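Reviewing the structure listed below.
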Amino acid sequence: MTTTLNLRRQITDYGARIMATLATLFGLFWLVWILWTTVSNGLPALKWSLFTQMTPPPGADGGLLNAFVGSIIMSGLAVLIATPIGIAAGTYLAEYARNTRLGETIRFVNDILLSVPSIIIGLFVYELMVRQMGHFSAIAGAVALSFIVLPVVVRTTDEMLQLVPSSMRESALALGVPQWKVIRQVLYRASMAGIVTGVLLAFARISGETAPLLFTALNNQYWTTNLGEPMANVPVVIFQYAMSPYEFWHALAWAGAFVVTMLVLLLGLVSRALLLRKKVNV
Amino acid sequence: MFKSYFALAMDGPNKASSHDRHDKRADMLFSLVVKGCALLVLIALLGAAFSMLWGGREAFATFGWKFLWSSDWDAVQRKFGALVPIYGTLVTALIAMIIAVPVSFGIALFLTEIAPAWLRTPIAAAIELLAGIPSIIYGMWGLFVFVPFMAEHVDPWLDENLGALPVTGPLFQGAPIGLGMLTAGIVLGIMVIPFVASIMREVFLTVPSEIKESCYAIGSTTWEVVWDVVLPYTRSAVIGGIFLGLGRALGETMAVTFVLGNAHLLSASLLEPGNSIAATIANEFTEADSPIYLSSLIALGFLLFVVTFVVLAVARLMLMRLAKRAGENKQ
């Protein structure tokens, strides 16, 4: 009696172990397949002209220079807009409103903003800026991306400041240092690695973000650094070229996809390394 | 910097008090600035909701409630209804969750209880890398690699073997073109797995090891510990993680746009192309040639916002319940 019961329990356990292992292999299988596709299609298309020539019209030869520059300008601007605001908001949550109703509400809303579909951010900025200005522009694209960076920075700043031991705050305050100086000169230094990681992760996230740029920065076949005009950017160019019927455009799209993926993976690894160091320090 | 404070304190009461006043003002200013920035987060979400309601007002006013269940989508006659995109969004998200929930649970189980210790960190990192890949890459892979694969190998098999069944048959009938609800659902599932799996893994790790060890000590198997102890202990957070994944599946845009086929068809078959809210907006926004067309697309965005807001709010509330309990345990 008990032996059959035990046998059944053991079989269930083995079954569960096997299923769990298979599930993990299933998850890794797609990772490998997708990465391999990106590398095998993107690497052959990777040429020096990719970084020196403009996006071509159908049938002509070209690169993605204007798209790369546009992406860098808009992502950089988005990070510049959102990082100070995000750090300030995170500071408020962690240092001024830790157990207040307002703080809880804002934290909750920020968590929702963190996973709100990015296409909704695109529509929001379309209504906010593009419709008011009357045309698509790079600055609208940067603002849309900054709404994606913002919640990431708020979240990491909040969490990293909460990790700083209270004894550090208390000793600084006991010396008579005013709170804003405690925050700027003690707490920010203690949590610097974590906050930088948050910004890096946010940058990784927006470097491949397509949906919010479709209705804000749109695209531009030509070179421009004018923030008031539509601006080319890698994700939208990839989208357009991949959906087109031209082989050469496909190759360019793969090359762009390869560069973006490698950048995202690299940023992921760097931020992970930073976080690890942080854990060792604490 | 501390030295300067001491020096100031030595300088006498007058100087120190003017310094105090300065500090007080700076403190006040700083707290106001950070509070303003925090309120900006609140305003951003409210602003997003309001701007889409405003942008969609023409569509809501013209079509009324019929907008929700009309399957019209006619740019020429300017009649729009959201039924087809809503249906596509729900069906693809459902397929995604059917795939993602058991697989994520398996991965979390493997990473917390089964895998040898040296294997856990690299595999967890690899799964999280999958979460970081931009959705447009999933879309390209889907269009150029996965769609042909489905069209050649999976769709014909489904049509042949399941298409003739009495009840579920209509789900699997259709031309094997690869594009469609099933393909989109599978791609979404793959995209959601890393999110749900890493949340499940994290919440499984919050179970106090005393509880797990006591179970092992009375002779429980790994499966019994996970199913009867870990899962009930973390139930609310696991549901929260699943809802977070659902929120992502509902709003995912680019990958779905590539593989769904962009057809305003209401079809029972999962092999037929369809449309989702996000894909409709992404595909047609820059082509919208009349104000009512544009307004209908923004109204679709508003519907998506409302649905994802509810789903994400449930997710966060569920996740907070476990976090609260974990906090109590620590004290």
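Only a predicted model underlies this, so the values are computations on that prediction, with no experimental measurement involved. The chains referred to below are lettered A, B, ... by the order of the sequence lines, with proteins before strands, and numbering in each begins at 1.
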What verdict does the side chain to side chain contact (heavy atoms under 4.5 Å, CB included) test give for B:Val34 and A:Trp180, after you've listed the backbone C-alpha separation in whole Å, the side-chain angles of each residue and the deciding distance to 0.1 Å? CA-CA 10 Å; B:Val34 294; A:Trp180 70 287; over 6 Å; no

Working note: B:Ile123 + A:Thr24, criterion side chain to side chain contact (heavy atoms under 4.5 Å, CB included); need CA distance, chi angles, decisive distance, verdict. CA-CA 8 Å; B:Ile123 291 188; A:Thr24 309; 3.7 Å; yes

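One distance of note links CG of B:Leu129 with CG of A:Leu269; it measures 6.0 Å at 0.5 Å rounding. Here the OG1 atom belonging to A:Thr21 is positioned 11.0 Å from the CD1 atom belonging to B:Ile107, to the nearest 0.5 angstrom. Atom CE in A:Met243 sits 5.5 Å away from atom CG in B:Asn283 (nearest 0.5 Å). Between A:Thr37 atom OG1 and B:Trp141 atom CH2 the span is 7.5 Å, to the nearest 0.5 Å. To the nearest 0.5 Å, atom CE of residue B:Met320 and atom CD of residue A:Glu104 are 6.0 Å apart. In this structure, CG in A:Leu214 is found 11.0 Å from CD1 in B:Ile281, a value given to the nearest 0.5 Å.
Per-residue counts of heavy-atom pairs under 4.5 Å with chain B were compared for A:Ala257, A:Ala16, A:Ala242; the largest is that of A:Ala242. With respect to chain B, the highest number of heavy-atom pairs below 4.5 Å among A:Gln179, A:Arg17, A:Arg9 belongs to A:Arg9. Of the listed residues (A:Trp33, A:Phe147, A:Phe108, A:Phe26), the greatest number of heavy-atom pairs within a distance under 4.5 Å of chain B belongs to A:Trp33. In terms of heavy-atom pairs under 4.5 angstrom with chain B, the leader among A:Thr105, A:Leu128, A:Ile183 is A:Ile183. Most heavy-atom pairs under 4.5 Å with chain A: of the set B:Met52, B:Glu113, B:Arg316, this distinction falls to B:Arg316. In terms of heavy-atom pairs under 4.5 Å with chain A, the best-connected choice from B:Ile133, B:Val311, B:Leu304 is B:Leu304. Options A:Ala20, A:Gly208, A:Pro151, A:Pro84 differ in how many heavy-atom pairs under 4.5 Å they form with chain B, and the most are formed by A:Ala20. Ranking B:Ile277, B:Ile137, B:Leu29 against chain A, the residue ahead of the rest is B:Ile137, based on heavy-atom pairs under 4.5 Å. Options A:Ile119, A:Leu123, A:Val109 differ in how many heavy-atom pairs under 4.5 Å they form with chain B, and the most are formed by A:Ile119. Of the listed residues (B:Ile136, B:Ile298, B:Leu109), the one with the most heavy-atom contacts under 4.5 Å to chain A is B:Ile136. Options B:Trp227, B:Trp223, B:Phe110 differ in how many heavy-atom pairs under 4.5 Å they form with chain A, and the most are formed by B:Phe110. Of the listed residues (B:Ile190, B:Val33, B:Leu46), the greatest number of heavy-atom pairs within a distance under 4.5 Å of chain A belongs to B:Ile190.
The number of heavy-atom neighbours closer than 6.0 Å to CZ of A:Phe29, taken from other residues, nucleotides and ligands shown, is above 12. In B:His22, the NE2 atom is not crowded: 12 or fewer heavy atoms of neighbouring residues, nucleotides or ligands sit closer than 6.0 Å. Other residues, nucleotides and ligands place more than 12 heavy atoms under 6.0 Å from the CD atom of A:Gln132.
Looking at every heavy atom in both residues, B:Ser51 comes nearest to A:Phe124 through OG-CD1, 3.2 Å. Across all their heavy atoms, A:Ala23 and B:Gly106 have their closest contact at CB-CA, 3.9 Å. Closest of all the heavy-atom pairs between A:Gly27 and B:Leu130 is O-CD2, 3.8 Å. The shortest non-hydrogen separation linking A:Ile120 to B:Gly301 is CD1-O, 4.0 Å.
Using a 4.5 Å cut-off between heavy atoms, A:Ala204 does not touch chain B at all. Within the 4.5 angstrom heavy-atom criterion, only side-chain atoms of A:Arg184, from C-beta onward, approach chain B. Heavy atoms closer than 4.5 Å to chain B are found in the side chain of A:Val264, but not in its backbone. For A:Phe258, no part sits under 4.5 Å from any heavy atom of chain B, backbone or side chain. Neither the backbone nor the side chain of A:Ala97 comes within contact range of chain B; no heavy atoms are under 4.5 Å apart. For a residue to count as touching a neighbouring chain, one of its non-hydrogen atoms must lie under 4.5 Å from one of that chain's; by this rule B:Leu244 touches chain A with the side chain only. A:Leu35 touches chain B through its side chain: at least one heavy atom from C-beta onward sits under 4.5 Å away, while N, CA, C and O do not. For A:Leu150, the part lying near chain B is the side chain, with the backbone staying farther off; criterion is any non-hydrogen pair under 4.5 Å. Both the backbone and the side chain of B:Met140 come within less than 4.5 Å of a heavy atom of chain A. Contact annotation for B:Ser31: both backbone and side-chain heavy atoms come within less than 4.5 Å of a heavy atom of chain A. Contacts of B:Thr222 with chain A are made by both backbone and side-chain atoms, with heavy-atom separations under 4.5 Å. Residue B:Leu53 does not touch chain A at all, counting heavy-atom pairs closer than 4.5 Å. In this structure, the portion of A:Leu102 lying under 4.5 Å from any heavy atom of chain B is its side chain and not its backbone. Only the side chain of B:Ile99 comes within contact range of chain A, with at least one heavy atom under 4.5 Å from a heavy atom of that chain. With a 4.5 Å cut-off on non-hydrogen atoms, A:Leu218 touches chain B through its side chain but not through its backbone. Both the backbone and the side chain of B:Thr257 come within contact range of chain A, each with at least one heavy atom under 4.5 Å from a heavy atom of that chain. B:Ile193 touches chain A through its side chain: at least one heavy atom from C-beta onward sits under 4.5 Å away, while N, CA, C and O do not. Proximity to chain A (any heavy atom under 4.5 Å) is shown, for B:Ala315, by neither the backbone nor the side chain. Contact of A:Thr38 with chain B is made through the side chain alone, with heavy-atom distances under 4.5 Å. When heavy atoms are compared at a cutoff of 4.5 Å, A:Leu114 approaches chain B solely by way of its side chain, counted from C-beta outward. Heavy atoms closer than 4.5 Å to chain B are found in the side chain of A:Arg131, but not in its backbone.
Aromatic ring centroids of B:Phe285 and A:Tyr126 lie under 6.0 Å apart. The ring of A:Trp30 has its center no closer than 6.0 angstrom to the ring center of B:Tyr138.
Residues B:Val41 and A:Val154 meet the side-chain proximity criterion, which asks for heavy atoms closer than 4.5 Å.
The aromatic rings of B:Phe144 and A:His250 stand perpendicular to each other, their planes meeting at an angle above 60°, with 30° marking the opposite boundary. Between B:Phe30 and A:Tyr96, the ring-plane angle classifies as tilted under the 30° and 60° cut-offs.
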